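None of the values given here were measured: they were computed from a predicted structure. Below, chain A is the first sequence line, B the second, and so on; all start at residue 1.
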Amino acid sequence: MEPVWQIPRPALFWLLFTEVALAGLHADHLTLWLLGAGALVLGWRVQIYRGVWHYPGPWAKAVLVLMCGGAILASYGRLYGLEPMVALLWSGFILKLLEMQRRRDALILVCLGYFVAVTQCLFSQTPGTALGTLGGVLLVTVVLAALHRRAEAGYWRPVRTAAALLAEAVPLMLILFLVMPRLGSLWTVPQPRQGAIGVSDVLAPGDLSRLGASGEVAFRVKFDGTPPPHNQLYWRGLVLSRFDGRNWSRIEPGLDADAGASRRGGAGPQPWESAVQRLGAPRHYRMILEPSGENWLFALETPVPESPDVTLNDDLTLTRATPVASRWSHSLTSWMDYRAAAGGLGDGRRALETMLPGVANPRTRELAARWRGEVDSDAALVERVLALYNRDYVYSLEAPLLGRDSVDEFLWRTRRGFCEHFAGSFVFIMRAAGVPARVVVGYQGGEYHPDASYLTVHQYDAHAWAEVWLAGRGWVRVDPTAAVAPERIEFSVADLLGGERAFLADSPLSLVRFRGIRWLDRLRLQLDYYDYLWAQWVLGYEYRQERLLTGWLGAWDPWRLGFFILGAGALALLPVLFGQLRLARRPPRPPLERLFERYCRQLARRGVTRAPGEAPRALAERVARERPALGTDAAAISALLEEGLYGGGEPDLADLRQRIRRLG
Amino acid sequence: MSAPQQPVEAAIAAVTSVVLGKERQIRLALACLLARGHLLIEDVPGTGKTTLAQALARVLGLSYGRIQFTSDLLPADIIGISVYQREQGSFEFHPGPVFNQLILADEINRSTPKTQSALLEAMAEGQVSVEGETRALPQPFFVIATQNPGTQYGTFPLPESQLDRFLMRLHLGYPDAESERELLAGTNPRLRLPGLPRVLDDARLAALQARVDKIQATPALIGYVQRLVHHTRQLPDCEHGVSPRGGLALLQGARAWAFMAGRSHVIPEDVQAVFGPVIAHRLHSAAGGEPAIAAAQRVLNAVDIL
């Protein structure tokens with residue numbers, strides 16, 4: 001005997017285990033002290049279980065709660081936001097342990113536990129996360145099962161129960177995944193703050209070299225047909241036309257008087273696009289983006305997006321209506337041979353693209369003016385500057401820090417830099433010489449998966465280059481880095497700078513580090529491939545769903561969909577139902593009892609209904625009284641039935657069946 | 001060769017000649033004895049309870065002891081007492097009336113529960129413990145108890161534990177008009193008791209009981225008995241239903257009834273025949289509930305034989 005409210009020992013064990021496991025899942029975005037507090041509370045609960053310590057009093061609890069709340073505020077700086085909310089949830093989950101005395105309290109923890117387990121998906125959607133979340137849900141279900149078993153059932157029985165429950169739920173899960181329309185969130189979910197990984201809209205010297213320290217994936221691309229060569233893969237992200245003496249940034253919308261209206265994906269061309277000539281063969285491809293927390297997208301030159309969420313701006317960059325907070329994919333077409341604004345540049349535009357505020361970097365300004373005078377065309381000036389870079393400069397992730405006159409210092413003193421140094425200084429020279437020029441940031445290159453023919457672009461592929469407006473040719477891409485280190489463009493930054501200390505400094509365990517080791521490299525590519533498949537088929541399913549379901553259902557309307565979900569859901573639950581029925585089914589009746597029932601049905605048809613307590617003999621006697629014509633037959637059948645049912649005899653069933661049939 | 005139940009029929013005929021118009025009760029009483037059960041007869045005084053018990057003892061040919069229960073009766077009056085024998089210098093046990101094969105416990109509910117309980121061990125285990133010594137009772141051992149309805153003055157109701165030890169409880173009731181006229185016209189039945197034939201003796205009785213034990217109960221019938229017993233436990237206005245001992249008693253009583261009907265197996269009708277006497281006194285209606293016998297009837301009506 002045990003009190004009904006008592007928490008069974010295995011349930012407590014699994015609950016504590018689950019708390020630890022969920023803390024492990026969330027370790028990424030919980031601060032260290034929160035994990036420490038969790039360990040303290042767990043230890044306390046174990047001591048309570050051992051009978052060494054007491055449950056905390058109301059004051060102690062109040063202090064703990066205030067400490068946790070205050071500390072969350074202190075470490076995250078705000079209470080609104082995904083991380084602090086999840087931290088708050090998690091602290092509640094862990095603190096409740098100290099109040100958990102009864103089964104009821106444990107059940108509350110189970111409900112909370114499911115919630116805590118799935119909040120993991122708000123931060124990341126990788127296969128690993130999915131597995132981890134599934135494991136968390138399984139553990140919480142184990143606790144639930146253990147809470148409804150006696151302690152004697154042991155530690156493993158609840159695991160089996162929970163696994164069976166989840167297994168039964170899997171078909172339903174799959175069906176919901178396949179058919180459930182992906183609704184937008186019903187309320188605003190605060191987005192997680194991605195630790196500023198990715199290209200930003202303000203470029204200062206040193207920004208992109210920091211990205212070189214990260215081995216994370218930025219996006220993946222699947223081309224229809226043969227992909228372009230490595231040195232053509234310029235993934236334009238942002239056009240930075242504003243220079244404030246140190247940083248390059250975008251032009252605010254109001255500043256640019258010539259700006260045309262953006263074109264939404266799927267819509268027809270805007271008037272300003274008449275200045276853009278798309279030449280050559282179009283390239284169609286699909287991009288799967290990792291969450292960046294920003295709303296600008298990357299694409300090869302002159303893209304046309306297909307998704308209505310995406311707009312094409314008049315500087316031929318793409319933006320999305322909302323920031324990319326989770327993995328997301330879209331399709332687009334690019335014409336890599338193009339002419340943009342070849343007919344001429346508006347005056348406002350030209351002013352913007354040649355603007356160089358302030359008086360900083362006097363030496364560079366003087367040099368630019370002098371050189372422009374010495375050459376006879378803008379194109380020749382470009383050639384001359386590139387030749388300068390090629391001769392005297394070193395391409396490196398480990399660029400020295402620059403002071404106030406950053407371009408001067410770079411050009412004459414340090415002469416060592418990463419792509420943003422070259423692109424920035426190049427555009428500065430061009431503008432100083434009166435040539436419209438701008439900085440473009442994005443990614444360059446990428447890594448082909450040899451078997452699956454898709455391209456993976458990493459953060460260390462981040463790149464900055466320049467675009468110069470040349471009369472008669474329009475905007476022309478010029479990559480000063482290619483002049484300094486052509487290998488960077490032909491191959492990859494990993495091949496070129498893999499030996500530098502700063503490369504992948506933030507990803508000490510990244511397998512990219514071990515590119516030299518053949519089998520590890522294969523493993524890395526294989527893992528990347530699985531991740532790609534996951535992104536394509538599971539996360540990207542949203543974009544196939546409509547087409548797929550239309551194929552199945554014939555049309556896409558709410559009624560069909562609703563009935564399909566109901567039907568498919570019922571189908572998925574059918575095996576569970578059958579299992580339950582099989583458990584509940586009475587053992588089959590012996591044939592004699594079935595014959596007796598048939599006999600009773602026959603008699604009922606002739607007006608004699610058997611009462612529940614009436615045995616064959618009494619029944620026959622009543623038949624003889626009420627329907628004398630049937631009396632002898634009924635007596636014979638009753639005698640046979642009685643002999644078979646109670647006398648242990650084995651009457652001839654066929655004969656008996658015959659007699660009963662004749663009765664009717 | 002005569003049918004095995006023939007002596008029983010003879011016994012019934014003999015008893016019927018004394019207790020007029022009560023053949024069904026006499027049959028039930030004999031079935032109870034054949035099922036090795038103790039019998040409780042309940043009715044108002046003067047309906048022939050004692051006469052029936054005496055007639056049964058006589059016809060069955062068993063040694064007979066009678067205990068008249070009164071409010072000042074003591075356990076020693078039933079079990080016996082050790083008396084000091086001066087010549088031998090030791091105590092000698094003088095057995096009480098309980099050391100007989102058939103005990104008539106007349107008006108058992110007139111004595112205190114303490115004295116009633118003295119019969120408990122004897123009835124349940126066929127032995128008594130006197131002064132630290134266990135003494136076996138003669139076999140077979142029957143108790144036929146009579147009691148007045150509990151509403152009468154000077155009665156102590158039998159505790160439930162003791163009621164459960166009686167296999168059957170019978171009500172005699174007033175005789176019908178014809179039997180009563182016959183009774184009034186004839187001699188006092190008491191006077192005719194010594195003239196009754198001894199139809200059986202203990203050895204033959206034991207043989208009959210052994211035959212009853214062998215009466216077949218098929219799974220279908222056992223299922224019926226089980227459902228009946230189970231149903232009594234779910235009656236809304238009964239405090240508790242029939243105990244497993246009650247279920248065994250029901251089946252054994254039905255076996256005896258089947259044997260007396262000349263069958264080698266039990267049929268549902270046998271169970272139904274003994275159901276009331278075996279079950280009714282084991283159902284304890286909640287206050288204000290219907291009489292136990294009505295509840296028993298409802299169970300019979302409700303439970304299907306299949």
Side-chain angles (χ1 to χ4, degrees), chain A residues 584-606 608-626 631 633-653 656-657 659-660 663-664, chain B residues 211-232 234-235 242 250-280 293-306:
Chain A
R585 201 174 54 192
R586 289 169 58 179
R589 294 207 144 184
L592 267 173
E593 292 192 10
R594 287 207 303 272
L595 275 177
F596 186 31
E597 283 173 341
R598 200 150 142 197
Y599 170 49
C600 295
R601 279 199 300 274
Q602 292 280 33
L603 285 179
R605 218 170 288 155
R606 307 297 294 266
V608 183
T609 312
R610 185 179 73 92
E614 225 166 6
R617 179 179 295 229
L619 185 61
E621 284 165 11
R622 198 152 65 83
V623 170
R625 268 199 319 278
E626 296 179 5
D633 286 342
I637 295 169
S638 279
L640 282 170
L641 279 171
E642 184 182 292
E643 174 61 22
L645 278 172
Y646 305 110
E650 287 172 9
D652 180 359
L653 288 180
L656 192 53
R657 199 167 291 130
R659 283 168 184 268
I660 291 171
L663 205 61
Chain B
R211 294 190 81 113
V212 167
D213 290 340
K214 289 201 178 71
I215 297 290
Q216 186 187 19
T218 58
L221 184 103
I222 285 174
Y224 178 49
V225 170
Q226 188 273 328
R227 285 194 297 278
L228 282 171
V229 169
H230 182 71
H231 194 87
T232 64
Q234 294 173 332
L235 289 175
V242 172
L250 179 59
L251 187 60
Q252 195 63 16
R255 279 200 172 102
W257 194 261
F259 170 75
M260 285 163 63
R263 271 191 302 275
S264 61
H265 56 266
V266 188
I267 60 173
E269 281 88 342
D270 299 324
V271 178
Q272 292 162 357
V274 298
F275 188 75
V278 174
I279 295 302
I293 192 73
Q297 184 61 54
R298 239 163 14 100
V299 173
L300 271 189
N301 290 345
V303 177
D304 197 345
I305 59 154
L306 278 185

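Contacts with chain A (heavy atom to heavy atom, under 4.5 Å) involve these residues of residues 269-280 of chain B, listed by number: B:E269, B:Q272. Near-neighbour residues of residues 636-643 of chain A relative to chain B, defined by a heavy atom under 4.5 Å from a heavy atom of that chain, comprise A:E642, A:E643.
No more than 12 heavy atoms of other residues, nucleotides or ligands shown are found within 6.0 angstrom of CD on A:E650.
Taking OH of A:Y646 as the start and CD1 of B:I267 as the end, the distance is 9.0 Å to the nearest 0.5 Å.
Taking B:I305, B:I222, B:L300 one by one and counting their heavy-atom pairs under 4.5 Å with chain A, the maximum is reached by B:I305. Note on B:S264, B:A217, B:P219, B:A220: by heavy-atom pairs under 4.5 Å with chain A, the leading option is B:A220.
Between the side chain of B:T218 and the backbone N or O of A:L645 there is at least one donor-acceptor pair closer than 3.5 Å.
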